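These notes are about the structure you will find just below.
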Amino acid sequence: MTTSSAVSAELSTVTACGHPETPPVSWEQDNELTGIAPHLVRKLLSEQGYHLNMRVFGNWKRCQLAARRGQVDLLVAAYKTHARERNFVFSHTPIVADPVVLFTHFGNGSRSPWDLGSNTLGMLFGDSFGDDFDQKVRRHPHVERVSTGKQNFHKLAMGRIDYMPIGLITGRLQAQKLALADRVQPLPALLTLEYYHLAVPKGSVLEPLLPVLSARLQELAEEHYIARITPFYERKYLDAP
């Protein structure tokens with residue numbers, strides 16, 4: 001017979017997933033999702049009496065699909081776009097700001113980031129970089145998508161793609177970890193400034209709790225808690241095998 005305490009524990013468990021390729025915000029390590037956003041989500045939900053089941057789905061597109069199908073209660077960090085707002089509700093308070101740039105290989109450094117022409121753009125499955133840029137991507141005939149940042153960085157370093165949109169901090173960390181910082185570089189122009197938010201599928205059990213989570217995020221930001229844990233997760237990513 002199932003005890004009432006076991007039923008209570010089961011009911012208080014929620015499932016989350018996130019982008020496995022955006023250090024230090026979130027990334028997959030040892031088959032687990034780690035980073036600033038998973039840390040914050042565990043902290044916020046434990047304060048509300050929830051146990052968190054963190055899932056890894058292989059790539060960002062699969063995570064979002066699982067959430068839209070009702071298999072996941074929360075995305076730990078996502079940009080807010082018009083397309084995503086059809087399926088998700090976002091925290092009013094963002095987790096962090098994310099300046100987005102285009103990375104390129106050194107032989108391509110003088111080209112304009114907006115004059116894509118016949119150049120090839122490399123992106124990850126499920127990636128979005130704001131409504132304006134997404135419209136440009138939909139119209140551009142030369143876009144190649146892969147599952148991992150490692151694939152994209154090596155393609156870029158070899159000149160197989162010309163540009164790669166990515167958060168500036170994420171891009172620099174990945175280039176450093178892959179020992180490619182001398183072969184790829186960010187273009188100086190800011191592509192867009194996006195913000196990572198908590199995102200819950202519409203109808204999720206966590207949707208009514210979102211204002212409380214947003215308020216708590218605001219408190220943590222004002223206490224500089226997020227700024228204090230960021231260097232730890234940057235180093236954790238770089239030091240991982």
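Heads up: numbering here begins at 1 and tracks the sequence. Note that the structure is a prediction, hence the values are computed from the model and not measured.
- With a 6.0 Å radius and a threshold of 12 heavy atoms from other residues, nucleotides or ligands, His140 has its NE2 atom above the threshold.
- Pairing each heavy atom of Ser147 with each of Leu124, the nearest pair is C-CD2, 4.0 Å.
- Minimum heavy-atom separation, Ile95 to Ile226: O-CD1, 3.6 Å.
- Residues passing the side chain to side chain contact (heavy atoms under 4.5 Å, CB included) test with Glu222, sequence neighbours excluded: Gln218.
- Of all non-hydrogen atoms in Leu190 and Pro99, the two that sit nearest each other are CD1-CB, 3.6 Å.
- For residues 51-102, the pairs satisfying disulfide (SG to SG under 2.5 Å) are Cys17-Cys63, with sequence neighbours left out.
- Considering only residues two or more places apart in sequence or on other chains, Gln29 meets the side chain to side chain contact (heavy atoms under 4.5 Å, CB included) condition with Trp27, Thr34, Lys236, Ala240.
- For the pair Gly49 and Ser12, the tightest heavy-atom approach, listed with the atom from each and the gap, is O-CB, 3.5 Å.
- Side-chain atoms of His19 and Asp127 include a donor-acceptor pair closer than 3.5 Å.
- The nearest pair of heavy atoms linking Val76 to Gly18 is CG2-CA, 3.8 Å.
- Residues satisfying the salt bridge (charged side-chain N to carboxylate O under 4.0 Å, His left out) test with Arg172, not counting sequence neighbours, are none.
- With sequence neighbours excluded, the residues forming a side chain to side chain contact (heavy atoms under 4.5 Å, CB included) with Ser128 are Thr81, Arg84, Asp134, listed by chain and number.
- Surrounding CG of Asp239 are more than 12 heavy atoms belonging to other residues, nucleotides or ligands, all under 6.0 Å away.
- The neighbour count for Ile229 CD1, taken as heavy atoms of other residues, nucleotides or ligands under 6.0 Å away, is above 12.
- Between Arg228 and Glu223, no side-chain nitrogen of the basic residue sits less than 4.0 Å from a carboxylate oxygen of the acidic one, so the salt-bridge criterion is not met.
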Please set out all donor-acceptor pairs under 3.5 angstrom arising from side-chain atoms of residues 199-211, sequence neighbours excluded.
{"unit_1": "Lys202", "atom_1": "NZ", "unit_2": "Glu85", "atom_2": "O", "d": "3.1"}
{"unit_1": "Ser204", "atom_1": "OG", "unit_2": "Asp73", "atom_2": "O", "d": "3.1"}
{"unit_1": "Ser204", "atom_1": "OG", "unit_2": "Leu206", "atom_2": "N", "d": "3.0"}
{"unit_1": "Glu207", "atom_1": "OE1", "unit_2": "Gly203", "atom_2": "N", "d": "2.7"}

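- Counted within 6.0 Å of NZ on Lys177, heavy atoms from surrounding residues, nucleotides or ligands total more than 12; the atom is thus considered enclosed.
- Gln174 places a side-chain N or O within donor-acceptor distance of the main-chain N or O of Glu21, the cut-off being under 3.5 Å.
- Taking every heavy atom of both residues into account, Trp60 and Gly126 meet most closely at CD1-O, 3.3 Å.
- Checked against the 6.0 Å centroid threshold, Tyr79 and Tyr195 do not count as a close aromatic pair.
- Judged by the 6.0 Å and 45° rule, Lys43 forms a cation-pi pair with Tyr225.
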